Amino acid sequence: MNRIAHWIGGAERAGASGRTGPVFNPATGEQTAEVDLASADEVAQAVAVAKEAAQAWRSASLAKRATVLFKFRELLAANTQELAAIITSEHGKVLSDAAGEVARGLENAEFATGIPHLMKGGFSEQAATGVDVYSIKQPLGVVAGITPFNFPAMVPLWMCTTAIAAGNAFVLKPSEKDPSSALFLAKLWREAGLPDGVFTVVNGDKEAVDAILTNPEIAAVSFVGSTPIAKYIYETGTAHGKRVQALGGAKNHMVVLPDAELDAAADAAVSAAYGSAGERCMAVSVVVAVGDVADPLVDAIAARLPKLKIGAGTDPESQMGPLITAQHREKVAGYIAQGTAEGATVVADGREADVPGDGYFLGVTLLDNVKPGMDVYTDEIFGPVLCVVRTQTYAEALKLINDNEYGNGTAIFTRDGGAARQFQFDVNAGMVGVNVPIPVPVAYYSFGGWKASLFGDTHMYGPDGIHFFTRSKVVTSRWPDPGTSSVDLGFPTNR
Ligand code: NAD
């Protein structure tokens, strides 16, 4: 059985806790590896190594750091297919989607190559007579990332590229469900010339997470995962004096107005709802059909579903792979049963689909006439289930979104620029798409939701990422008048 170790001090380190967790190939249901689960002691040892590395790394010149980032970006590009294959083998998503994930993470590395510019401070000459004031940005020291299963490469890259470029040492605790991508990234960092100890991987579960949250040497924690855990991370981390950004779950609504381009809206709904088996925090899980667009829209979505090819992510023909675990598949299937019992109209039932027998496959589900009180509406299902809620007006559609617990992403489909602009103004969500179903910000903006989708006040990567992983220092300086030496060098005396 393949054993997945930690990465400490620039090399693999076998776990010593005696605890391991199973890693499966979701397309076959076979266990492919055992991952070491770190004890609190092992986390403390890893953090001590990272702390020493952080001291030296913060002294590395900006030019040196940029050079490492450029090289890392090149290595990511050159190894995209290999990393994508690792992602698919443990997560299940189709290879093209896995390669897309790497490409998005690579953009974060590209952004971080600009670190010399991003670390610039401000300068005010002559704030008072002979006095200058300036600000500088400095790294925090050792920072940590705790990441979810659904983007095992991209989410770590959201965090570590910026954190490392800013001069921190970064300790990653990846999801124990698909930990191999993290170790692959560690090897690329080493090959890029990153000094040992600046990038660390501690594999583990709650024990490792708690050890991170309470370790006094860790200055900041960046988290992405489900809302209950995000809340726990935020509360525990801040109670231990850390800076925390904790991104949580989502229930993303896509509003379709009667004037929308029907085919474009239907295509968008299908790809955004069922891509990666709906296991995306920016997946569309509710289509809000406004007015008389509902019948033709539901028909157009339904007509596309039989053409979706479900199969192993390694099959180039597959458009949708399996779910992450057997338990998760059962949970999602349970929601389909519940939605049916609660009175939703079942247009397509994923439980009846013809899918591969092995592995954790589930077909796609389309539920129409879903009402806000139903569990399929209120809960984050995180599977290939799309709910359609019908409203008569834009105002009702907006109210649904603004009343929702989550506020990650949302989208509007319309030909009316004024309506889109009003929506952008009105809606309580962190990321808004106009005729774009999954509005993930490019790397030079920042990613984050509102409400229960984010605990903390700083979004992830981009300018907010630099802000999160640095602290500012303001220097006020006064020098004696020049030319006070005995030799007259001709300095003016009019200061
Ligand atoms: P999860 O919350 O179960 O796990 C996330 C991380 O927390 C993992 O590293 C896990 O080991 C750790 N963890 C789990 N339970 C814990 C506990 N009791 N105590 C301490 N640590 C614990 O999330 P997941 O199932 O891996 O990922 C899916 C979730 O992540 C969904 O809710 C999805 O919406 C969310 N997500 C959000 C975003 C975003 O940007 N907002 C992005 C991706 C995923």
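These numbers come from a predicted model, not from an experiment. Order of listing sets the numbers, starting from 1, for every ligand and every atom in it.
- Using a 4.0 Å cut-off between heavy atoms, Arg280 makes no contact with ligand 1 at all.
- Less than 4.0 angstrom separates atom 21 (N) of ligand 1 from at least one non-hydrogen atom of the protein.
- In this structure, Gly449 falls outside the shell of residues with a heavy atom less than 4.0 angstrom from ligand 1.
- Regarding atom 44 (C) of ligand 1, its nearest protein heavy-atom neighbour is Asn150 OD1, 3.2 Å.
- Counting the atoms of ligand 1 from 1 in the order shown, those under 4.0 Å from a heavy atom of Val209 are 20 (C), 21 (N).
- In Lys331, the NZ atom is not crowded: 12 or fewer heavy atoms of neighbouring residues, nucleotides or ligands sit closer than 6.0 Å.
- Between the side chain of His467 and the backbone N or O of Pro463, no donor-acceptor pair lies under 3.5 Å.
- Nearest heavy atoms, Leu362 versus Val355: C-CG1, 4.2 Å.
- From the protein, the heavy atom lying nearest to atom 3 (O) of ligand 1 is Ser226 OG, 4.0 Å.
- For atom 6 (C) of ligand 1, the choice among Thr147, Ile229, Ile212 with the nearest heavy atom turns out to be Thr147.
- Counting only heavy atoms of the protein, atom 27 (O) of ligand 1 lies nearest to Pro148 CB, 3.3 Å.
- With Tyr232, Tyr406, Phe447 as candidates, the residue nearest to atom 40 (O) of ligand 1 on a non-hydrogen basis is Phe447.
- The option with the heavy atom closest to atom 5 (C) of ligand 1, from among Phe382, Phe149, Phe223, is Phe223.
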Please test Ser39 against Glu42 for side-chain hydrogen bond (donor to acceptor under 3.5 Å, both in side chains), starting from the C-alpha separation and ending with a verdict. CA-CA 5 Å; Ser39 65; Glu42 286 174 292; 3.3 Å; yes

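- Scanning the protein for heavy atoms near atom 19 (N) of ligand 1, the closest one is Lys206 CG, 3.4 Å.
- The shortest contact between atom 32 (O) of ligand 1 and any protein heavy atom is with Glu380 OE1, 2.6 Å.
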Distance-only donor-acceptor pairs under 3.5 Å for side chains of residues 16-26, two or more places apart:
residue : atom : partner : partner atom : Å
Ser17   : OG   : Arg19   : N            : 3.0
Ser17   : OG   : Leu37   : O            : 2.6
Arg19   : NH1  : Asp205  : OD2          : 3.0
Arg19   : NH2  : Asp205  : OD1          : 2.9
Arg19   : NH2  : Glu207  : OE1          : 3.1
Thr20   : OG1  : Glu34   : OE1          : 2.6
Asn25   : OD1  : Ala27   : N            : 2.9

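- Note on ligand 1: Asp205 sits outside its first shell, no heavy atom being nearer than 4.0 Å.
- The side chain to side chain contact (heavy atoms under 4.5 Å, CB included) test with Leu140 is passed by exactly one of Ile218, Thr470, Asn168: Asn168.
- Of the possible polar contacts, one joining the Ser453 side chain to the Asn408 backbone as a donor-acceptor pair under 3.5 Å is found.
- Interface atoms of ligand 1 facing Asn408, defined by a heavy-atom separation under 4.0 Å, are 41 (N).
- Summarising the contacts of atom 30 (O) of ligand 1 with Cys281, Gly225, Gly249, the nearest heavy atom is found in Gly225.
- Some N or O of Gly248 is nearer than 3.5 Å to an N or O of ligand 1, by distance alone.
- Taking both residues in full, the closest heavy atoms of Leu305 and Val270 are given as CD2-CG2, 4.2 Å, listed atom of the first, atom of the second, then distance.
- Looking from atom 10 (C) of ligand 1 to the surrounding protein, the closest heavy atom is Glu176 OE1, 3.6 Å.
- Annotation for Ala265 and Leu297: closest pair CB-CD1, 4.2 Å, computed over non-hydrogen atoms.
- Checked against Asp97 for a side chain to side chain donor-acceptor pair (under 3.5 Å), the options Gln319, Arg280, His91 give a single hit: Arg280.
- Between Arg390 and Glu396 there is no salt bridge, since no side-chain nitrogen of the basic residue lies less than 4.0 Å from a carboxylate oxygen of the acidic one.
- Close contacts of ligand 1 with Val224, meaning ligand atoms under 4.0 Å from a residue heavy atom, involve 5 (C), 36 (N), 37 (C), 38 (C), 39 (C), 40 (O), 42 (C), 43 (C), 44 (C).
- Proximity of a side-chain donor or acceptor of Trp57 to a complementary backbone N or O of Ala169 within less than 3.5 Å is not detected.
- For Glu279, no heavy-atom contact with ligand 1 is shorter than 4.0 Å.
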